[in-house]
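Nothing here was measured: the structure is a model prediction, and the numbers come from that model. Sequence positions, counted from 1, serve as the residue numbers for this chain.
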Amino acid sequence: MRDTIAADPSFQAEGGLFDKDRYIHILRLNRLTPAQYEDSQREQILVDKLTNLIGGGVQVSDAEARAEFNRQNEKVSLRYVAVEAKDFTDGVEVSDEEAKKHYEENAESFREDDKVRVSYLAFAPARFADKVAITDEEAQKYYDENTAEFAEPESVRARHILFRVSSAATEDEKKEIRARAEAALARINGGEDFAAVATELSEDQSNAPQGGDLGFFPRGRMVPEFEEAAFALDAGKVSGIVETDFGLHLIKVEEKRAAGTRPFADARTAIVAQLAEPKADELAKAAAEAARAKLDAGSSLEDVAAAEGMSVMQSGAVTAVDTIPGLRGGPALINAAQMVEVGKAGPVTYTADGHLVFRVDEKVASRVPPFEEVADAARDAVRLEKAKAAAKARAEELRAQIAGSSLDAVAESAGLTVKETGEMTRQGAWIPGVGVSPELKLAAFELTTEAPVAAEVFAVDEQQVIVVLGERKQPDDAAFEEQKQQLVDAIVARRRNDVMAAFQQELRDRAAIVYGRGFRDLG
């Protein structure tokens, strides 16, 4: 026990030697005496010895460590077809009896939250911008004191042409895509305009209409292979074929900018706007508080609005989560209004649209509306449930057809599109392109090349999803060797905890609990 305490760095002076005065001082700060602390340490040493005795035999083989590493790091991609419920809503009949039955069985789902109706004035900082003056000296001072803010990294402006390559593409498909990229490069090297070819051929539709223009970007913005190629090119030059996870690229650098500091002349307008904003906000807040004081003095909101040359805005009957048209701070206003009596003015409330002065006009308590008011919504809910059932039946029918055909053929015959998730790990329940589905994520990692089709369809939101394995990728050996010891330690610790928990449970199961008379009398 003494050795344990002496080895604690908290109690050591410089040089690593135990310092009794420091030891006493730290215990006093924690309201402990040496005897109390040493008793607790004896108990902890006994617990540690018991833990080591019980769990000391826990071992982890390399094979077990590799299996766990693979489980945590392997990746799969899926190919899938989604059958949408909305495609089955047309022609679905819902009787009054069905709608009424749904309403009665799910009445709480139709409950309306508390609502409030307010009138308000918005004192926006922009109304006071012309009353704020920022001198050149103030702007220059800010620039001089914050030069790091105006640092501009090295950047390039580039265009690209993308030929997408699916993770599930065959070797023949990859060769065909590369041939198309080579043909495009030959056209450009032959004198055709890069931007025109990009508009015609690029599969990156976010910029193809602009001739593949990506604008300026610094290092760290693009994937490494793309970045390396772009920054290595001189302005006006075109790369060879560059391969990334997105596919094959042709890159043309239009312009290059060296790292430097943005000149004051270029930054002045932004600095002035930045310095003026808080001053304008202060004026807006002061004006709102003055208007609020007028309400306390007996003026109406309408009178204040007329004096300020403003219009009184109406929220309509809204809940705290509703959007108020034209107001970005609806929730803040409604939350404040819910604390104010009807007919009274509330406190000045800050929102993204400025400082609000408001009056509560009406409050409507939470309620379940009668069926007549929500009959259409009840019918829509029943119609959607029927459509979901029809979509599920159709999806199961299509899934069964894959056994004698393929996902692509079945999808084509049904007029549906095969999509891909891209690579994903076991972590989380998000399926790229599909949505959140823990069941689908679990099933994805059970698929194999021998049994690539999921045994069921999966309901995700309002779609039924048919999935097949795209690709399964195991992590490499180098990554495992690098992380093996850390992984082994974690598995050992977890197993020791499991063994200790089992031992403790066995002691509880074997223990005889006897209640004394005084304890029984409490009942």
Residue pair K174, V165: steps toward the side-chain contact (heavy atoms from CB on, under 4.5 Å) verdict: CA-CA 7 Å; K174 291 178 181 179; V165 180; 4.0 Å; yes
Euclidean distance, I251 CD1 relative to M222 CE, rounded to 0.5 Å: 9.0 Å
D322 and K115 ion-paired at < 4.0 Å: no
Salt bridge (charged side-chain N to carboxylate O under 4.0 Å, His left out) between R367 and E112, worked out: CA-CA 5 Å; R367 67 176 188 133; E112 296 176 347; 3.4 Å; yes
Atom pair CG/CD of D376 and E373 - distance to nearest 0.5 Å: 11.5 Å
pair Q12-D19: side-chain heavy atoms closer than 4.5 Å: no
Full working for side-chain contact (heavy atoms from CB on, under 4.5 Å) between E154 and R257: CA-CA 6 Å; E154 177 189 12; R257 287 179 180 170; over 6 Å; no
Exam field: side chain K473 to backbone E423, donor-acceptor pair closer than 3.5 Å: no
Verdict with supporting geometry, E412 and D408, side-chain contact (heavy atoms from CB on, under 4.5 Å): CA-CA 6 Å; E412 183 177 2; D408 295 274; over 6 Å; no
Between CD on residue Q338 and CG on residue L333, distance to nearest 0.5 Å: 10.0 Å
Heavy-atom check, side chain of V410 versus side chain of I466, under 4.5 Å: no
Closest non-hydrogen atom pair between A395 and V83, with its separation: CB-CG2, 3.9 Å
Side-chain ion pair, E171 and K175, N-O less than 4.0 Å: no
Side chain to side chain, S366 and R111, heavy atoms closer than 4.5 Å: yes
Between F11 and Y37, ring centroids under 6.0 Å: yes
cation_pi(K100, F371) dist<6.0 Å, angle<=45: yes
Main-chain N/O of L162 paired with S202 side-chain donor or acceptor, under 3.5 Å: yes
Full working for salt bridge (charged side-chain N to carboxylate O under 4.0 Å, His left out) between K392 and E397: CA-CA 8 Å; K392 181 177 182 180; E397 177 187 340; over 6 Å; no
Distance-minimising heavy-atom pair for A85 and A391: CA-CB, 4.0 Å
Verdict with reasoning, T244 to H249, per side-chain hydrogen bond (donor to acceptor under 3.5 Å, both in side chains): CA-CA 8 Å; T244 74; H249 307 256; 2.8 Å; yes
Exam field: side chain K484 to backbone A65, donor-acceptor pair closer than 3.5 Å: no
Heavy-atom side-chain proximity of L248 to I177 below 4.5 angstrom: yes
Validation row: S166, E420 side chains within 4.5 angstrom (heavy atoms): yes
F246 atom CZ, neighbour heavy-atom count above 12 within 6.0 Å: no
R159 side chain to V253 backbone, donor-acceptor under 3.5 Å: no
Atom CD of Q486 with >12 non-hydrogen neighbours under 6.0 angstrom: no
Salt bridge present between E98 and R379 (N-O < 4.0 angstrom): no
Rounded distance (nearest 0.5 Å) linking atom CG of L407 with atom NZ of K419: 12.5 Å
Interatomic spacing from CZ in R508 to CD in E506 - rounded to 0.5 Å: 12.0 Å
D380 bridged to R383 by N-O distance under 4.0 Å: yes
Exercise: identify the closest heavy-atom pair between P34 and I24: CG-CD1, 3.6 Å
Minimum heavy-atom distance between F216 and R221, given as atom pair plus value: O-NH1, 4.2 Å
Student check: side-chain heavy atoms of R42 and D39 closer than 4.5 Å: yes
Exam field: side chain N335 to backbone A332, donor-acceptor pair closer than 3.5 Å: no
Test item: K363 side-chain N/O and V340 main-chain N/O as donor-acceptor pair under 3.5 Å: yes
H160 ring center near F226 ring center (under 6.0 Å): yes
Beyond-backbone contact of H102 with F110, side-chain heavy atoms, under 4.5 angstrom: yes
Distance-only side-chain donor-acceptor flag, S206 / D204, under 3.5 Å: yes
Spacing of CD belonging to Q41 relative to CD1 belonging to I45, to within rounding of 0.5 Å: 6.0 Å
Check: Q463 side chain, V434 main-chain N or O, donor-acceptor pair, under 3.5 Å: yes
Heavy-atom check, side chain of Q72 versus side chain of L487, under 4.5 Å: yes
Closest heavy-atom pair and its distance - A443, F458: CB-CZ, 3.5 Å
Side-chain donor/acceptor of R399 to backbone N/O of R394, under 3.5 Å: no
Heavy-atom closest pair, residues L469 and L447: N-CD1, 3.8 Å
Worked verdict on V318 versus I334 for side-chain contact (heavy atoms from CB on, under 4.5 Å): CA-CA 8 Å; V318 292; I334 301 309; 3.3 Å; yes
Candidate pair K86 and E462, rule salt bridge (charged side-chain N to carboxylate O under 4.0 Å, His left out), full reasoning: CA-CA 8 Å; K86 63 182 176 61; E462 296 179 7; over 6 Å; no
E228 atom CD, neighbour heavy-atom count above 12 within 6.0 Å: no
Heavy-atom neighbours of R28 CZ exceed 12 at 6.0 Å: no
Axial cation check for F217 ring with R157, 6.0 Å and 45° limits: no
Sidechain-backbone polar pair: R426 side chain, K75 backbone, donor-acceptor under 3.5 Å: no
Test item: D8 side-chain N/O and S10 main-chain N/O as donor-acceptor pair under 3.5 Å: yes
K386, NZ atom: more than 12 neighbouring heavy atoms under 6.0 Å: yes
